[in-house]
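Computed over heavy atoms, backbone and side chain alike; hydrogens, waters and symmetry mates excluded. Worth saying up front: this structure is predicted, and the values here are computed from it rather than measured.
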Amino acid sequence: MAHAIELKTTVDTLAGPATGHNSLPDAATLRAAREDLAACFRMAARLGMQEGICNHFSAVVPGRDDLFLVNPVGLAFAEVTASSLLLCDFAGNVVQGEGRPEATAFYIHARLHLRKPRARVALHTHMPYATALAMTEGEPLVWAGQSALRFYGRVAVDGNYNGLALDEAEGDRIADSAGDADIVFMKNHGVMVLAETIAEAWDDLYYLERAAQAQILAMSTGRKLLPVSDAMARLVAEQEGMARADSARKHLDSVRRQLRLTDPDFLD
């Protein structure tokens, strides 16, 4: 499992001050991003999307394209708080926070954000139902359920599993495999959700696992799945896309309200 591996070359610089940064991001903007991302970790844990202390979420800080937030190695999703998230640069320096990112977290997320500026948020999980589909032959999603249809035309498949991402070359390969997609099924591995905002990434992550769960349950009946036509799938994807940003923000706000009642320490 990746959690036992640490950076070999970059890690020596992680505890030191970053160079070339004269100031930290706007405090209020950074705090809002920390709280949103921490909320995603906590709800993902509640919904069974975490895997030990593995997997990682990251977000480029608004107004600072050279810095991103990521979880430190050693914390389960259920333990992550707003202040425990690390603020890193693409060279491997921890600009703010205690600890270091897990090796694969750094190499995957730093290279993704660097090579794909549109992917300002990257959520990587081994959540069970979507990962199960990444372990099967052929295209992962069947366009037979409404929750799946939102992803029509937005999915890429990385079919070249190459072990743990422990260097920049593998990080670059993973980044390039995404193409222009928002969802990447990483064969024999897991999934990656890419988005412009934390809220949109969370919304897609949630519905991706629900779509995968529904598909696997339908497949378990032994009856033939009934996909819709490509034209209908395209129409529903377009309809979903029209309100995605607003709906996603409302979804994450709901998550935050729920967590304030049951897990208010996510804001610590």
Side-chain angles (χ1 to χ4, degrees), residues 1-2 40-41 43-52 54-57 76-78 104 108 121-165 173-174 177-195 200-244 247-248 251-252 254-255:
M1 298 297 288
C40 294
F41 279 106
M43 188 55 74
R46 180 182 297 186
L47 297 176
M49 297 178 182
Q50 73 174 6
E51 185 167 71
C54 299
N55 300 175
H56 13 86
F57 294 173
F77 281 14
T104 60
I108 291 175
V121 183
L123 310 184
H124 171 57
T125 75
H126 300 167
M127 54 191 188
Y129 291 101
T131 299
L133 294 182
M135 295 164 59
T136 60
E137 293 181 339
E139 293 297 317
L141 289 176
V142 177
W143 309 115
Q146 183 166 292
S147 292
L149 297 181
R150 68 185 278 139
F151 301 113
Y152 184 85
R154 302 173 58 210
V155 175
V157 176
D158 175 9
N160 299 308
Y161 179 65
N162 199 34
L164 303 184
R173 189 198 67 76
I174 291 172
S177 74
D180 295 325
D182 300 323
I183 309 298
V184 185
F185 279 88
M186 306 163 77
K187 288 288 189 176
N188 311 109
H189 186 175
V191 294
M192 182 79 71
V193 173
L194 308 176
E200 289 173 282
W202 166 256
D203 200 49
D204 274 346
L205 187 76
Y206 172 84
Y207 284 107
L208 180 63
E209 182 68 344
R210 295 291 287 180
Q213 181 181 15
Q215 180 174 316
I216 288 173
L217 287 172
M219 292 166 63
S220 73
T221 68
R223 299 172 66 178
K224 185 177 180 180
L225 298 186
L226 183 63
V228 303
S229 67
D230 285 346
M232 181 55 66
R234 187 177 303 109
L235 172 63
V236 175
E238 291 172 354
Q239 291 172 330
E240 289 276 6
M242 291 176 185
R244 183 174 298 127
S247 177
H251 187 180
L252 187 52
S254 172
V255 166

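- The heavy-atom pair separating Gly190 from Ala134 by the smallest distance is O-CB, 3.9 Å.
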*Where do Val191 and Met186 land on the side chain to side chain contact (heavy atoms under 4.5 Å, CB included) test, with the steps shown first?*
CA-CA 5 Å; Val191 294; Met186 306 163 77; 5.9 Å; no
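- Arg234 places no side-chain N or O within 3.5 Å of a backbone atom of Ser229 that could act as its donor or acceptor partner.
- In plain terms, the two heavy atoms of Val142 and Ala148 that are nearest each other are O-CB, 4.0 Å.
- With Arg150 contributing its side chain and Gln146 its backbone, the two residues share no donor-acceptor pair below 3.5 Å.
- A donor-acceptor pair is defined here as one N or O able to donate and one able to accept, closer than 3.5 Å; such a pair exists between the side chain of Thr221 and the backbone of Ala218.
- At least one donor-acceptor pair under 3.5 Å links the side chain of Glu209 to the backbone N or O of Tyr129.
- Classification of the His126-His124 ring pair by plane angle, with boundaries at 30° and 60°, yields perpendicular.
- Side-chain atoms of Glu240 do not come within 3.5 Å of backbone N or O of Leu149 as any donor-acceptor pair.
- For the pair Ala233 and Trp143, the tightest heavy-atom approach, listed with the atom from each and the gap, is CB-CB, 4.4 Å.
- Note that CD of Glu139 and CG of Leu133 are 11.5 Å apart. Values are rounded to the nearest 0.5 Å.
- In terms of heavy-atom proximity, Phe185 sits nearest to Pro140 at CG-CG, 3.4 Å.
- Side chain of Ser247 to main chain of Ala243: no donor-acceptor pair is present (N/O by atom type, distance under 3.5 Å, no hydrogens or angles).
- Glu200 places no side-chain N or O within donor-acceptor distance of the main-chain N or O of Arg244, the cut-off being under 3.5 Å.
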*Take Phe77 and Phe57 through the ring pair (Phe, Tyr, Trp, His ring centres under 6.0 Å) test and state the conclusion after the steps.*
CA-CA 10 Å; Phe77 281 14; Phe57 294 173; 4.9 Å; yes
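- Shown here for Leu194 and Ala181, the closest heavy-atom pair between the two residues is CD1-O, 3.9 Å.
- The heavy-atom pair separating Gln50 from Ala45 by the smallest distance is OE1-CB, 3.5 Å.
- Checking side-chain atoms of Lys224 against main-chain N and O of Met219 turns up no donor-acceptor pair under 3.5 Å.
- Between the OH atom of Tyr152 and the CG atom of Leu141 there is a distance of 12.5 Å, given to the nearest 0.5 Å.
- Between the CE atom in Met192 and the CD1 atom in Ile108 there is a gap of 5.0 Å [rounded to 0.5 Å].
- The environment of Arg46 atom CZ is dense: over 12 non-hydrogen atoms of other residues, nucleotides or ligands sit within 6.0 angstrom.
- Atom NZ of Lys187 and atom OG1 of Thr131 lie 11.5 Å apart (nearest 0.5 Å).
- Here the straight-line distance linking atom OH of Tyr161 with atom NE2 of His189 works out to 6.5 Å at 0.5 Å rounding.
- Exactly one residue among Val157, Leu205, Asp204 makes a side chain to side chain contact (heavy atoms under 4.5 Å, CB included) with Ile183. That residue is Asp204.
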*Residue pair Ser177, Asn160: steps toward the side chain to side chain contact (heavy atoms under 4.5 Å, CB included) verdict*: CA-CA 9 Å; Ser177 74; Asn160 299 308; over 6 Å; no
